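This structure is a prediction, so every number in the text was calculated from the model and none was measured. Chain letters run A, B, ... following the sequence lines, proteins first, then strands; residues in each count from 1.
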Amino acid sequence: MSNVRVRFAPSPTGSLHIGGARTALFNWLFARHHQGKFIIRIDDTDLERSTIESAQEIISALKWLGLDWDEGPEVGGPYGPYFQSERLKEYEKAAHHLLARGLAYYCYCTPEELQKRRQEALAAGRAPRYDGRCRHLSREERIKLEREGRKPVIRFRIPEKGTTVVNDLIRGDVSFDHEILDDFIIIKSNGIPTYNFACVIDDIKMKITHILRAEEHLSNTPRQILIYQALEEPLPAFAHLPMILAPDRSKLSKRHGATSVEEFRDQGYLPEALLNYLALLGWSPEGEQEILSLSEMVRQFSLERVAKTAAIYDIKKLTWINGHYLNEADLDRVTKLAIPFLQKRKLVPEEISEELYHYIKEVVGLVRTRVKTLEEVAEAAEYFFTDDFSYDEKGVQKHFQQPGAAEILKAAKECLEKLDSFDLESVEKAYRELSAAIGVKTGEIIHPTRLALSGRTMGPGLFEMMVLLGKEKTIQRLSRAIDFISSREN
RNA sequence: GGCCCGUUGGUCAAGUGGUUAAGACACCGGCCUUUCAAGCCGGUAACAGGGGUUCGAAUCCCCUACGGGUCACCA
């Protein structure tokens with residue numbers, strides 16, 4: 001029995017980013033490895049930017065990935081609610097506790113004033129810190145400011161001297177001098193707590209034992225530690241995960257292509273592939289095996305093998321891993337996953353009959369070995385569902401514009417027409433015999449035939465393709481190619 | 001700018017004082033083959049720079065450079 005309790009606490013201001021997904025994954029792996037609890041909490045204290053749609057989107061992305069949680073939205077739990085916006089009383093209580101003990105105070109500076117001072121400080125080359133001017137306001141001064149109509153915020157009083165050390169499980173001890181910390185806001189003028197405060201209160205209330213989050217939070221940590229101390233609460237362990245960067249080493253953003261879990265899903269990536277790839281960004285398994293199932297990752301996961309270095313994400317490797325899983329996965333599952341992609345291209349109807357399903361399944365089985373995403377499956381499968389395709393121009397030059405090309409196709413067509421059964425063996429046998437009979441290499445029949453049937457120079461094995469397409473379609477497409485060649489010649 | 005973190009091939013990365021400095025993706029070549037993939041075999045390619053410490057440093061210390069994070073009534 002383990003008492004490990006970790007949480008993933010996204011703010012619902014957008015979709016689930018792959019960085020966030022990686023953080024969620026590491027927390028999940030850590031919890032499962034230690035047989036602890038994985039908790040989801042929605043940090044929605046930013047009233048302007050938080051949306052319920054975003055929260056739902058993040059939750060559904062997590063579900064799609066298969067990262068299940070023991071406590072949180074939808075499942076509840078003993079330490080709820082799991083939306084910060086529903087826990088306002090808790091923060092208020094804690095803030096007043098600090099206020100009463102002189103560890104926090106009201107500040108009446110307006111955002112405009114603060115902004116101005118910040119800019120002045122920056123321009124003068126000074127650190128843009130809060131100057132502490134409301135630190136020692138008398139009762140009279142406060143009343144006066146309030147009469148001016150100012151709504152105060154509550155600030156936390158940073159101890160003047162000393163340093164706070166963050167004992168990071170990944171980075172070791174990191175110390176921060178209190179001189180660089182300023183009295184930060186814990187409750188905004190609208191009564192809502194800020195992140196640094198709310199998350200500490202919740203982590204305490206939810207009995208979180210380990211905080212695994214992205215490195216961008218490292219410099220917030222001393223402030224949070226000071227709050228734990230002011231509240232006389234034990235500290236959780238901290239571990240700051242390396243960032244995930246775009247190929248140009250900048251922060252990942254839309255201009256770098258897909259960044260959200262949802263987008264990867266829509267481009268035809270499989271959840272297990274994304275998870276496997278994400279696990280490898282910042283963590284490494286002990287052996288040389290990089291293709292790992294979720295349970296294998298759980299077994300092996302350890303913070304000791306998490307890197308300190310920011311990682312640049314590489315879509316090529318993700319795609320390679322996806323290709324692997326695409327081929328390993330159960331064919332029925334892949335078929336079902338591929339259908340929406342075919343529908344998007346209007347290759348199959350909304351309603352799929354059983355007969356059509358079986359055809360699709362065969363097509364998917366044939367093309368998936370040579371592509372890496374579901375999107376590519378649909379692309380590669382196109383000509384199995386429509387006659388409306390054109391011939392690859394290079395292919396035409398290479399295979400149709402050779403002397404005798406039309407004759408070869410004509411001979412092929414006639415030879416296929418005579419076939420009683422149109423299965424793999426008979427079709428292949430017919431072609432081999434034909435090539436011997438007319439004295440050309442098999443390839444000289446195969447290549448133009450492939451182009452005639454698919455419009456492409458590459459694809460699945462020709463005989464499989466012919467059989468799947470069926471005798472009628474095969475002959476029809478050969479005729480079309482023969483006509484095409486003669487129209488070009490004239 | 002202050003503070004903090006980091007720096008091993010193009011990318012992910014192993015490595016914790018003595019290694020021919022792993023492995024994977026990508027790239028290149030070969031084999032296989034009806035094409036393209038896959039698969040198999042092989043190849044190119046790295047310890048940011050400079051000082052120390054040490055018999056010996058990718059590994060420890062310092063400096064420089066570079067990259068990233070943070071400094072909000074955002075999280």
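Glu304(A) CD: 12 or fewer foreign heavy atoms inside a 6.0 Å radius. Remark: Glu160(A) CD is loosely packed, at most 12 non-hydrogen atoms of other residues, nucleotides or ligands lying under 6.0 Å away.
Taking the C1' atoms as reference points, U54(B) lies 12 Å from C61(B), given to the whole Å. Atom name C1', nucleotides C47(B) and U16(B): the rounded distance is 15 Å, in whole Å. The gap from the C1' atom of C27(B) to that of U11(B) amounts to 12 Å, rounded to the nearest Å. A gap of 11 Å separates the P atoms of U8(B) and G49(B), to the nearest Å. For the C1' atoms, the distance linking A46(B) with G23(B) amounts to 14 Å, nearest Å. Spacing of C1' atoms, C55(B) relative to A14(B), comes out at 27 Å, to the nearest Å. Comparing the P positions of C40(B) and G52(B) gives an interatomic distance of 49 Å, to the nearest angstrom. When the C1' atom is used for both G15(B) and C73(B), the distance is 47 Å, rounded to whole Å.
Within the 4.0 angstrom heavy-atom criterion, only backbone atoms of the sugar-phosphate kind lie near Thr45(A); the bases stay farther away. Residue Gly282(A) is in sugar-phosphate contact alone, with no base atom involved, counting any heavy-atom pair closer than 4.0 Å across all strands shown. Among the atoms of the strands shown, none is found under 4.0 Å from any heavy atom of Thr13(A). Residue Asn220(A) is classed as a base contact, given a heavy-atom separation below 4.0 Å to a base. In this structure, Val153(A) reaches the bases: a heavy-atom distance under 4.0 Å links it to at least one base atom across the strands shown. Arg368(A) comes within 4.0 angstrom of nothing in the nucleic acid, heavy atoms only. Arg49(A) comes within 4.0 angstrom of a base, heavy atoms only.
A close approach under 4.0 Å does not occur between any side-chain nitrogen or oxygen of Lys116(A) and OP1 or OP2 of A72(B). Taking only side-chain nitrogens and oxygens, Thr369(A) never comes nearer than 4.0 Å to OP1 or OP2 of A38(B). The phosphate of A72(B) has OP1 or OP2 within less than 4.0 Å of a side-chain N or O from Arg118(A).
Taking a cutoff of 4.0 Å between a charged side-chain nitrogen and a carboxylate oxygen, Arg41(A) and Asp203(A) qualify as a salt bridge. Residues Arg223(A) and Asp182(A) are paired through a salt bridge, judged by an N-O separation under 4.0 Å between the basic side chain and the carboxylate. At a threshold of 4.0 Å, the pair Glu414(A)-Lys410(A) does not count as salt-bridged, since none of the basic side-chain nitrogens sits closer than that to a carboxylate oxygen. Checked for salt-bridge contact, Glu286(A) and Arg305(A) miss the test: no charged N lies under 4.0 Å from a carboxylate O. Salt bridge present: Lys317(A) and Glu290(A) bring a charged side-chain N and a carboxylate O closer than 4.0 Å. A salt bridge does not link Arg129(A) to Glu179(A): none of the charged side-chain nitrogens sits closer than 4.0 Å to a carboxylate oxygen.
In this structure, Tyr106(A) and Glu146(A) have side chains that are not in contact, with every pair of non-hydrogen atoms separated by 4.5 Å or more. Annotation: side chain of Phe389(A) is not in contact with side chain of Glu382(A) (no heavy-atom distance under 4.5 Å). Side-chain contact between Pro222(A) and Val166(A): present, with at least one pair of heavy atoms (C-beta onward) separated by less than 4.5 Å.
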Practice problem: Let me have a per-nucleotide readout for nucleotides 26-36 of chain B, 5' to 3', with B, S or -, counting only protein heavy atoms under 4.0 Å. | Solution: S-------BBB
Exercise. For side-chain contact (heavy atoms from CB on, under 4.5 Å), just list the numbers for His399(A) and Arg450(A), CA-CA rounded to whole Å, side-chain angles, deciding distance to a tenth of an Å, and then say yes or no.
Key: CA-CA 10 Å; His399(A) 304 302; Arg450(A) 175 179 288 104; over 6 Å; no
Practice problem: Evaluate the criterion salt bridge (charged side-chain N to carboxylate O under 4.0 Å, His left out) for residue pair Glu120(A) and Lys116(A); output intermediate values, then yes/no. | Solution: CA-CA 6 Å; Glu120(A) 282 166 2; Lys116(A) 189 163 162 263; 3.7 Å; yes
Exercise. Any chance you could lay out the salt bridge (charged side-chain N to carboxylate O under 4.0 Å, His left out) test for Arg368(A) and Glu328(A), step after step, and finish with the verdict?
Key: CA-CA 10 Å; Arg368(A) 72 163 167 175; Glu328(A) 295 289 299; over 6 Å; no
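When the nucleotides G2(B), C74(B), C4(B) are ranked by their closest atom to the side chain of Asp46(A), C74(B) comes out on top. Among the nucleotides G2(B), A13(B), C74(B), the one closest to the side chain of Ala311(A) is A13(B). Comparing C3(B), C5(B), C73(B) by their nearest atom to the side chain of Ser189(A) picks out C73(B). If you check U7(B), A22(B), C12(B) against the side chain of Ile312(A), the one that comes closest is C12(B).
Summarising the geometry, the separation between OH on Tyr130(A) and P on C3(B) is reported as 24 Å, rounded to the nearest angstrom. A72(B) atom P lies 18 Å from atom CG of Asn190(A), rounded to whole Å. Between Glu112(A) atom CD and A72(B) atom P the separation is 15 Å, expressed in whole Å. Atom pair Glu288(A):CD and C12(B):C1' shows a separation of 14 Å (rounding to whole Å applied). Between the CZ atom of Phe197(A) and the C1' atom of A72(B) there is a distance of 18 Å, given to the nearest Å. For the pair Arg223(A) CZ and U70(B) P, the interatomic distance rounds to 12 Å; values are reported in whole Å. Protein atom CD of Glu113(A) is 12 Å distant from nucleotide atom P of C73(B), rounded to whole Å. Asp131(A) places its CG atom 13 Å from the P atom of A72(B), with the value rounded to the nearest Å.
Residue Ala307(A) is the one, among Ala307(A) and Pro193(A), whose nearest nucleotide of RNA chain B lies closer to the 5' end (criterion: closest heavy atom). Take the nearest nucleotide of RNA chain B for Val306(A) and for Arg171(A): the residue whose nucleotide is more 5' is Arg171(A).
Across the strands present, A46(B) finds no partner; the criterion is a Watson-Crick or G-U wobble pair with both atom distances under 3.5 angstrom. When both distances must be under 3.5 Å, the Watson-Crick or G-U wobble mate of G1(B) is C71(B). In this structure, G6(B) and C66(B) make a Watson-Crick or G-U wobble pair, each of the two defining distances being under 3.5 angstrom. Pair assignment for U16(B) gives none, since no Watson-Crick or G-U wobble pairing has each distance under 3.5 Å. A 3.5 Å limit on both hydrogen-bonding distances identifies C31(B) as the Watson-Crick or G-U partner of G39(B). Remark: A57(B) base-pairs with no nucleotide; criterion is Watson-Crick or G-U wobble with both hydrogen-bond distances under 3.5 Å.
When ring centroids are compared, Tyr130(A) and Phe184(A) stay outside the 6.0 Å threshold. For His217(A) and Tyr195(A), the ring centers are positioned less than 6.0 Å apart.
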Protein-nucleotides 47-49 of chain B N/O pairs closer than 3.5 Å?
none

Pairs under 3.5 Å (N/O, protein and nucleotides 62-69 of chain B):
{"residue": "G67(B)", "atom": "O2'", "partner": "Arg249(A)", "partner atom": "NH1", "Å": "2.9"}

